[in-house]
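The basis for the numbers below is simple: all heavy atoms, side chains too, and nothing from hydrogens, waters or symmetry mates. Bear in mind the structure is a predicted one, so any value in this text is a computation, not a measurement.
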Amino acid sequence: MNDARAAHTPAPLPAHTPAPLPADPATAAGAAGAPAAHPADATGARAAGAPKTAGSAREPAREPGRGALGPVALVVAGALSVQFGAALAVLLMPRAGALGVVTLRLALAALVLLVVCRPRLRGHSRADWGTVIAFGVAMGGMNLTFYQAIDRIPLGAAVTLEVLGPLALSVVASRRAVSFLWAGLALAGVVLLSGGGFDRLDPVGAGFALAAGALWAAYIVFSARTGRRFPQADGLALAMVVGALVSLPLGLAEAGTALVVPSTLALGLAVALMSSVLPYTLELVALRRLPAPTFAVLMSLEPAVAALAGFLVLHQALSATDALAITLVVAASIGAVRARTGSRAR
């Protein structure tokens with residue numbers, strides 16, 4: 001999750017605060033992603049706000065044509081940024097701890113977004129504030145649980161388990177029986193990943209990854225609601241502040257003064273930018289020319305991207321069984337997205 005996670009589309013990001021998520025929570029649920037996070041950021045972040053902008057899911061879907069390669073590359077670059085940001089976060093954990101890294105990521109991403117977005121504080125109803133606070137709490141909780149997971153189990157496995165949350169939301173939102181077949185395929189992948197029992201991984205780490213997935217599903221729902229209530233990326237910026245405040249006491253308790261060591265701050269800023277700010281920007285630009293269902297299918301590749309980042313940066317090798325498990329979950333996520341898209345087209 002990845003993040004702020006940065007889920008994932010206008011009308012976040014992942015990591016970890018994942019990048020902004022699509023306005024339609026059912027379509028968005030098919031996406032995997034932080035930060036980032038996501039976070040990823042699943043920790044999320046995949047970073048996410050759900051602003052109303054050009055290219056939102058409310059526009060008529062445009063068939064990807066010859067010009068689709070550019071936005072597809074932007075989405076892939078965003079996914080790489082989220083997951084490699086999560087891998088960098090793992091390397092930072094010996095300095096600041098998992099909770100400290102979450103605090104650095106969310107607080108620094110919030111500062112950047114406040115400066116860039118300059119959200120308006122007046123003129124919002126009590127219901128608006130309730131929605132953005134719920135969004136921020138979901139974002140903070142998703143990042144906290146995801147980073148606890150990647151502190152204990154491989155990054156690829158953590159994102160694979162985390163993506164079950166959005167996948168479950170997609171299955172529930174879809175009223176087609178075929179969606180439950182995709183859910184069964186995902187379950188088979190999880191059984192393979194756990195080797196028949198989560199003790200092969202780390203039961204606590206696996207539990208945190210599943211909790212991050214549940215919070216990712218909540219993040220998707222409140223991301224969409226926030227996007228309907230706040231203009232542009234104002235909702236994302238304000239929710240990021242809430243998420244940072246949620247994590248701050250825990251981060252200070254675990255890391256203390258280690259959070260203000262200059263080198264740690266610099267690495268924390270890199271995590272915040274990679275897991276939240278950069279993927280959010282790339283995906284927002286891509287969604288102006290890319291249909292939301294296509295975006296969701298691309299985001300379903302997050303577990304595979306996370307496994308690649310874990311292998312290259314953290315030297316977390318995958319067995320053939322693990323690779324097959326991740327492939328099954330990715331296929332199930334893509335299938336659920338396409339099933340949901342088909343039901344909406346009717």
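Here the CG atom belonging to Leu193 is positioned 10.5 Å from the CG atom belonging to Leu324, to the nearest 0.5 angstrom. Leu282 contributes atom CG, which lies 10.0 Å from atom CG of Leu80 (distance to the nearest 0.5 angstrom). Rounding to the nearest 0.5 angstrom, the gap separating the CD1 atom in Ile153 from the CD atom in Gln148 is 11.5 Å. To the nearest 0.5 Å, the span separating OG on Ser333 from CH2 on Trp182 amounts to 10.5 Å. One distance of note links CD1 of Ile326 with CG of Asp322; it measures 6.5 Å at 0.5 Å rounding. From Ile220, atom CD1 reaches atom CZ of Phe135 across 10.0 Å, with rounding to the nearest 0.5 Å.
Residues Leu187 and Leu185 do not share a hydrophobic cluster, clusters being chains of Ile/Leu/Val/Met/Phe/Trp/Tyr side chains in contact below 4.5 Å. Using a 4.5 Å cut-off between side-chain heavy atoms of Ile, Leu, Val, Met, Phe, Trp and Tyr, with links allowed through other members, Leu236 and Leu245 fall into different hydrophobic clusters. Residue Val242 is grouped with residue Leu248 when hydrophobic side chains (ILVMFWY) are merged at heavy-atom distances under 4.5 angstrom, including chains of intermediate members. Met142 and Phe208 fall into different hydrophobic clusters, where Ile, Leu, Val, Met, Phe, Trp and Tyr are joined by side-chain heavy atoms under 4.5 Å apart, directly or via other members. Both Val90 and Leu267 are members of a single hydrophobic cluster when ILVMFWY side chains are connected at heavy-atom separations under 4.5 Å.
Contact record, Asp202 with Arg152: CB-O, 4.0 Å, taken as the closest heavy-atom pair. Nearest heavy atom pair, residue Leu314 against residue Ala87, reads CD2-O, 3.6 Å. Residues Leu164 and Ala186 share a closest heavy-atom pair of CD2-CB, 4.1 Å. Residues Leu167 and Ala332 approach most closely at CD1-O, 3.8 Å, considering heavy atoms. Annotation for Asp234 and Cys117: closest pair OD1-O, 4.1 Å, computed over non-hydrogen atoms. When every heavy atom of Pro166 is checked against every heavy atom of Ala217, the shortest pair comes out as N-CB, 4.5 Å.
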* Asked: Which is it for Ile150 and Met93 under the side chain to side chain contact (heavy atoms under 4.5 Å, CB included) test, yes or no, and what are the steps along the way?
  -> CA-CA 10 Å; Ile150 62 176; Met93 285 177 185; 3.7 Å; yes
* Asked: Given Gln83 and Ser275, is the side chain to side chain contact (heavy atoms under 4.5 Å, CB included) satisfied, shown in steps?
  -> CA-CA 7 Å; Gln83 297 307 334; Ser275 298; over 6 Å; no
* Quick one: do Phe84 and Val313 satisfy side chain to side chain contact (heavy atoms under 4.5 Å, CB included)? Show the steps, please. => CA-CA 8 Å; Phe84 278 85; Val313 179; 3.5 Å; yes
* Check the pair Phe230, Arg120 against side chain to side chain contact (heavy atoms under 4.5 Å, CB included), reporting the backbone distance first and the verdict last. => CA-CA 9 Å; Phe230 289 83; Arg120 184 168 52 89; over 6 Å; no
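The backbone N or O of Ala98 sits less than 3.5 Å from a side-chain atom of Glu254, completing a donor-acceptor pair. Counting only distance, with no hydrogens or angles, the side chain of Gln316 and the backbone of Leu155 share a donor-acceptor pair below 3.5 Å. Side chain of Ser247 to backbone of Ala244: a donor-acceptor contact under 3.5 angstrom is found. Here the side chain of Arg118 pairs no donor or acceptor atom with the backbone of Leu114 at under 3.5 angstrom. Looking only at distances, a side-chain donor or acceptor of Asn143 sits under 3.5 Å from a matching main-chain atom of Met139. For Thr145 (side chain) and Gly141 (main-chain N/O), a donor-acceptor pair under 3.5 Å exists by modelled atom type.
Clustering of Ile, Leu, Val, Met, Phe, Trp and Tyr side chains at separations under 4.5 Å leaves Val260 isolated, with no partner residue.
Using a 4.5 Å heavy-atom threshold, the side chains of Leu201 and Leu161 count as touching. Residues Met274 and Val82 fail the side-chain proximity criterion, which asks for heavy atoms closer than 4.5 Å.
A side chain to side chain donor-acceptor pair (under 3.5 Å) check over residues 125-138, counting only residues at least two apart or in different chains, returns the pairs Ser125-Asp128, Asp128-Arg229, Thr131-Arg229.
Every residue was checked against the salt bridge (Lys or Arg N to Asp or Glu O under 4.0 Å) condition with Asp151, not counting sequence neighbours, and none meets it.
Here the rule is side-chain contact (heavy atoms from CB on, under 4.5 Å) with Leu106, and of Leu108, Val102, Leu104, Thr103 only Val102 fits it.
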